[in-house]
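Owing to the predicted nature of the structure, the values given are computational and were not obtained by experimental measurement. Here, residue 1 is the first one in the sequence, and each next residue gets the next number.
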Amino acid sequence: MFEKGAMIIYGSNGVCRVEEVSEMDLTGSGNSKLYYTLSQIGRAGGRIYTPTDNEKVVMRPVMSRDEALSLIDEIEELDVLTIISEKTREAEYKEAIHKCDPHEYVRVLKTIHVRMLERIAEGKKVTALDEKYYALAEKNLVSELAVALGMEQNDARTCVVTRVGGLLEA
């Protein structure tokens, strides 16, 4: 269970702060349940209410500073995704993103980066599908790294780009 003030990853919502951990009856049934009240980092406004025992959405702590630096060092060594066919490409991207694992975000970015370079070399445009998943993986990776490293998102992105030699530059 996460404590109030903890920084966590909450599925596709990305980095969130646990604002409260309290009993609530959101169903009106008279049965209260323990819930997290979350606020998204980088998004003003809305709150997310989720049961503490929610198993449908990935909830995990934000990586530590050491884990973030280690991930940055490992980026060049991580493999690209194995895409079986063009028909399964989106499913492969989606599956990797839904794991909410920073290593998987890097694999998606590397896979799409290689594909972008190939398509451009062939005189083709980058596909909307690739752009969509590239942006999603980059947003999720950079926002978590920024929190873990205690820096602004632009600075975290620059740090990764500098370390990797332009991998995330599309």
So which heavy atom on [X] is nearest to which on [Y], and how close?
X: S143; Y: Q153; result: CB-NE2, 3.4 Å
X: Q40; Y: N13; result: NE2-O, 3.0 Å
X: C100; Y: P102; result: O-CD, 3.9 Å
X: R107; Y: T82; result: NH2-N, 4.4 Å
X: A68; Y: L145; result: CB-CD2, 3.6 Å
X: K139; Y: S12; result: NZ-O, 4.3 Å

#### Entry: Chi angles and distances behind the side-chain hydrogen bond (donor to acceptor under 3.5 Å, both in side chains) call for E74, H103
CA-CA 9 Å; E74 294 171 22; H103 294 86; 3.2 Å; yes
### Message
Using side-chain hydrogen bond (donor to acceptor under 3.5 Å, both in side chains), reason through N54 and Y36 one step at a time and then give a plain yes or no.
### Response
CA-CA 10 Å; N54 185 344; Y36 293 122; over 6 Å; no
### Pairwise salt bridge (Lys or Arg N to Asp or Glu O under 4.0 Å) hits with a residue in residues 49-58, at least two apart
K33-D53
Under a 4.5 Å cut-off applied to non-hydrogen side-chain atoms, are [X] and [Y] in contact?
X: R60; Y: Y10; answer: no
X: I41; Y: M7; answer: yes
X: I83; Y: R115; answer: no
X: L149; Y: I72; answer: yes
X: V21; Y: M1; answer: yes
X: D79; Y: T111; answer: no
X: L71; Y: V106; answer: yes
X: V58; Y: H98; answer: no

### Task
Carefully, step by step, assess E19 and S39 under the rule side-chain hydrogen bond (donor to acceptor under 3.5 Å, both in side chains).
CA-CA 7 Å; E19 299 295 341; S39 61; 2.6 Å; yes
I'd like to know if [X] pairs up with [Y] as an ion pair, taking the criterion as any Lys NZ or Arg NE/NH1/NH2 lying under 4.0 Å from an Asp or Glu carboxylate oxygen.
X: K124; Y: E118; value: no
X: R119; Y: E122; value: no
X: E131; Y: K125; value: no
X: R89; Y: E92; value: no

Atom pair [atom1] ([X]) and [atom2] ([Y]), whose distance is rounded to the nearest 0.5 Å:
X: Y93; Y: T88; atom1: OH; atom2: OG1; result: 10.0 Å
X: E20; Y: Y35; atom1: CD; atom2: OH; result: 15.5 Å
X: T37; Y: Y49; atom1: OG1; atom2: OH; result: 5.0 Å
X: N140; Y: D101; atom1: CG; atom2: CG; result: 11.5 Å
X: L38; Y: I8; atom1: CG; atom2: CD1; result: 4.5 Å
X: K94; Y: L129; atom1: NZ; atom2: CG; result: 9.0 Å

### Message
Could you tell me if Y133 and E90 have a donor-acceptor pair between their side chains, going purely by distance under 3.5 Å?
### Response
yes
### Task
For T127 and D130, test the side chains for any donor-to-acceptor distance below 3.5 angstrom and give the result as yes or no.
yes
Hydrophobic cluster membership, [X] vs [Y], 4.5 Å side-chain cutoff:
X: L78; Y: L136; answer: yes
X: L69; Y: M151; answer: yes
X: V57; Y: I48; answer: yes
X: V126; Y: I112; answer: yes
X: L141; Y: M116; answer: yes

### Query
Between I9 and V62, is a side chain to side chain contact (heavy atoms under 4.5 Å, CB included) present by the stated rule, with each step listed?
CA-CA 6 Å; I9 299 300; V62 167; 4.1 Å; yes
Give a yes or no answer on whether the side chain of [X] reaches the backbone of [Y] with a donor-acceptor pair at less than 3.5 Å.
X: K110; Y: I75; result: yes
X: E144; Y: M63; result: yes
X: S70; Y: D66; result: no
X: E67; Y: S64; result: yes

#### Entry: Worked verdict on E104 versus L81 for side chain to side chain contact (heavy atoms under 4.5 Å, CB included)
CA-CA 9 Å; E104 291 298 308; L81 298 174; 3.9 Å; yes
### Query
Counting heavy atoms not belonging to E23, are there more than 12 under 6.0 Å from its CD?
yes
